Amino acid sequence: MAKLEQLSCAKHFSGTLTKYKFKSSVLGDLDAKFNVFLPSSSAHGKVPVLMYLGGLTCTEDNAAQKGGFMRDAAAEGIAIIFLIRHREVPGSRERTTIGISEQVLAAQELPQVIEAAGLPVISAPSYQDFSRQSVLGHSMGGHGALVLYLTSLLRGSNMYRSCSAFAPVCAPSVAPWGIKAFGGYLSGGVEEGRDKYDATLLIERVRAPVNILIDYGTADEFKHQLNPDLFVDAARKAGFDETQVQVRGQDGYDHSYYFVATFAPEHVKFHARILKA
């Protein structure tokens, strides 16, 4: 099992925000970095976990620094893990477009790495409780969060109790970003992506109860890539009402972290209600 190397640590809302690095076996033994926020309550017992997946141009630092999640996470006693967006390939100038495999695989590997290492934050015996885990993300990471969540339900693993997303790419098999990524990453191209990685098509096959919250801005410059209406239509046809799948268009907001930070408290509280039930 990979070893965690601590890179930095800062006190934040009476908890700690710590950056780690490890060699990821699922990313070909390349270095992977992530940030972990632990509330002060983690010193007294395991706390629930939110797994955050970032957007196209984001690193593990963007949402941790600008997302506005930690005040409410500290108040609710919830840990947040901010994942890498993509692997850094030595010598490559090609930037990933949709972050499908990297974030999905890192999210699946990371809990094992953290629990095996014991996550020695400061000197307290602090641990996350991965049996109480939810997932959220922004943009491409919002797409990844939906795919992780829905796939876990379809497989019967129920790894995540809830999912939320800010401006996610909801139907990548019909979006220019998704078509490009599926064609570049998957041997089966768009057809394989449609079957495995399109949230709008995945939710049509889910029969278990769901807890999903999606926000997008009506002034989002990338709205033509997002297709939230297609996701809503698929969810309603599958029998999920507004208490199970909430999709909210927020008037005048764009795609930026100003938008994310505005609604981050509501997303934390949405997950807290479910994780702490």
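Being a predicted model, the structure only gives us computed values, none of them experimental.
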Notebook entry, point to check: Which residue, K33, K19, K21, forms the salt bridge (charged side-chain N to carboxylate O under 4.0 Å, His left out) with E60?
Noted result: K19
Notebook entry, point to check: For Q244, does the CD atom sit with more than 12 other heavy atoms under 6.0 Å from it, leaving out its own atoms?
Noted result: yes
Check: Using 30° and 60° as the class limits, which term best fits the ring planes of F222 and W177: parallel, tilted or perpendicular?
Finding: tilted
Note to self: Could you go through I212 and Q246, starting from their C-alpha distance and side-chain angles, then the distance that decides it, and tell me whether this counts as side chain to side chain contact (heavy atoms under 4.5 Å, CB included)?
What the structure shows: CA-CA 6 Å; I212 296 174; Q246 302 176 62; over 6 Å; no
Note to self: Could you report the tightest heavy-atom contact between S139 and G55, atom names first, then the distance?
What the structure shows: CB-CA, 4.2 Å
Next item on the list: State whether the number of non-hydrogen atoms from other residues, nucleotides or ligands found under 6.0 Å of D251 atom CG is greater than 12.
Entry: no
Check: Does S134 reach the main-chain N or O of S162 with its side chain, forming a donor-acceptor pair under 3.5 Å?
Finding: yes
Notebook entry, point to check: Are K276 and E76 within salt-bridge range, i.e. N to O under 4.0 Å?
Noted result: yes
Note to self: For a quick test of reading the model, state the closest non-hydrogen atom pair linking L226 to A167 and the distance between them.
What the structure shows: CD2-O, 3.5 Å
Next item on the list: Could you label the plane-to-plane angle of the Y52 and F82 rings as parallel, tilted or perpendicular, counting under 30° as parallel and over 60° as perpendicular?
Entry: tilted
Item checked: Side-chain heavy atoms of V190 within contact of I179, under 4.5 Å -> yes
Check: Between CG of L153 and CG of L148, what distance do you get to the nearest 0.5 Å?
Finding: 11.0 Å
Check: Within the side chain of D233, is there an N or O that forms a donor-acceptor pair under 3.5 Å with the backbone of L230?
Finding: no
Item checked: hydrophobic_cluster_shared for F22 and L38, side chain cutoff 4.5 Å -> yes
Item checked: Donor-acceptor pair, side chain of T200 and main chain of C170, under 3.5 angstrom -> yes
Check: Applying side-chain hydrogen bond (donor to acceptor under 3.5 Å, both in side chains), which residue pairs with at least one partner in residues 207-217 are found, sequence neighbours left out?
Finding: D215-R248, D215-Q250, D215-H267
Notebook entry, point to check: What distance do I214 atom CD1 and S164 atom OG have between them, rounded to the nearest 0.5 Å?
Noted result: 9.0 Å
Margin query: For P39 versus G77, what's the shortest heavy-atom pair and its separation?
Written below: CG-C, 3.7 Å
Check: If you measure from CG on L201 to CZ on F231, what distance do you get to the nearest 0.5 Å?
Finding: 10.5 Å
Check: Does a salt bridge link K269 with E266, judged by any charged N lying under 4.0 Å from a carboxylate O?
Finding: no
Check: Does any non-hydrogen side-chain atom of L202 lie less than 4.5 Å from one of Y197?
Finding: no
Margin query: What I'd like to find out is whether the side chain of L7 reaches to under 4.5 Å of the side chain of Y20, using heavy atoms alone.
Written below: no
Next item on the list: For the residue pair S40 and S14, confirm or rule out a side-chain donor-acceptor distance under 3.5 Å.
Entry: no
Notebook entry, point to check: For S152, does its backbone N or O pair with a side-chain atom of S157 as donor and acceptor, under 3.5 Å?
Noted result: yes
Margin query: Let's go through R132 and R161 carefully: what are the C-alpha distance in whole Å and the side-chain angles of both, what is the deciding distance for side chain to side chain contact (heavy atoms under 4.5 Å, CB included) to 0.1 Å, and is it a yes or a no?
Written below: CA-CA 7 Å; R132 293 184 293 157; R161 296 192 181 185; 3.3 Å; yes
Next item on the list: Please answer: with hydrophobic residues joined when any side-chain heavy atoms are less than 4.5 Å apart, are F270 and V47 in the same cluster?
Entry: no
Notebook entry, point to check: For the residue pair T16 and C9, what are the closest heavy atoms and their distance?
Noted result: CB-SG, 4.1 Å
Item checked: Note, L154 side chain near R205 side chain (heavy atom, < 4.5 Å) -> yes
Note to self: What's the separation between atom CG in L136 and atom SG in C163, rounded to the nearest 0.5 Å?
What the structure shows: 7.5 Å
Checklist line | Co-membership, hydrophobic cluster, residues L275 and L213, 4.5 Å side-chain | finding: no
Note to self: Quick check: closest heavy atoms across T218 and G249, and the distance to 0.1 Å?
What the structure shows: CG2-C, 4.1 Å
Check: Do side-chain atoms of N35 reach the backbone of A64 as a donor and acceptor pair under 3.5 angstrom?
Finding: no
Margin query: Are the side chains of L53 and V135 in contact, using a 4.5 Å heavy-atom criterion?
Written below: yes
Check: Parallel, tilted or perpendicular: which describes the rings of F37 and H12, with under 30° parallel and over 60° perpendicular?
Finding: perpendicular
Note to self: Quick check: is M159 connected to I274 through a chain of hydrophobic side chains (ILVMFWY, heavy atoms under 4.5 Å apart)?
What the structure shows: no
Next item on the list: Would you confirm whether H255, through its side chain, and K223, through its main-chain N or O, come within 3.5 Å as a donor-acceptor pair?
Entry: no
Next item on the list: Report the residue from F263, F166, Y258 that forms a ring pair (Phe, Tyr, Trp, His ring centres under 6.0 Å) with Y253.
Entry: F263
Checklist line | Minimum heavy-atom distance A73-V268, with the two atoms named | finding: N-CG1, 3.8 Å
Margin query: For residues V174 and V247: do they belong to one hydrophobic cluster (side chain heavy atoms under 4.5 Å, members Ile, Leu, Val, Met, Phe, Trp, Tyr)?
Written below: no
Check: What distance separates D198 CG from E204 CD, expressed to the nearest 0.5 Å?
Finding: 8.5 Å
Item checked: Reported CG-to-CE distance for the pair L83 and M51, which is rounded to 0.5 angstrom -> 5.5 Å
Note to self: Has R236 got a side-chain atom pairing as donor or acceptor with V245's backbone, closer than 3.5 angstrom?
What the structure shows: yes
Next item on the list: Flag the pair D61 and K66 as a salt bridge only when some basic side-chain nitrogen lies within less than 4.0 angstrom of an acidic carboxylate oxygen.
Entry: no
Item checked: Y160-Y149 aromatic ring centre distance below 6.0 Å -> no
Checklist line | Close side-chain approach of P48 and Q133, heavy atoms under 4.5 Å | finding: no
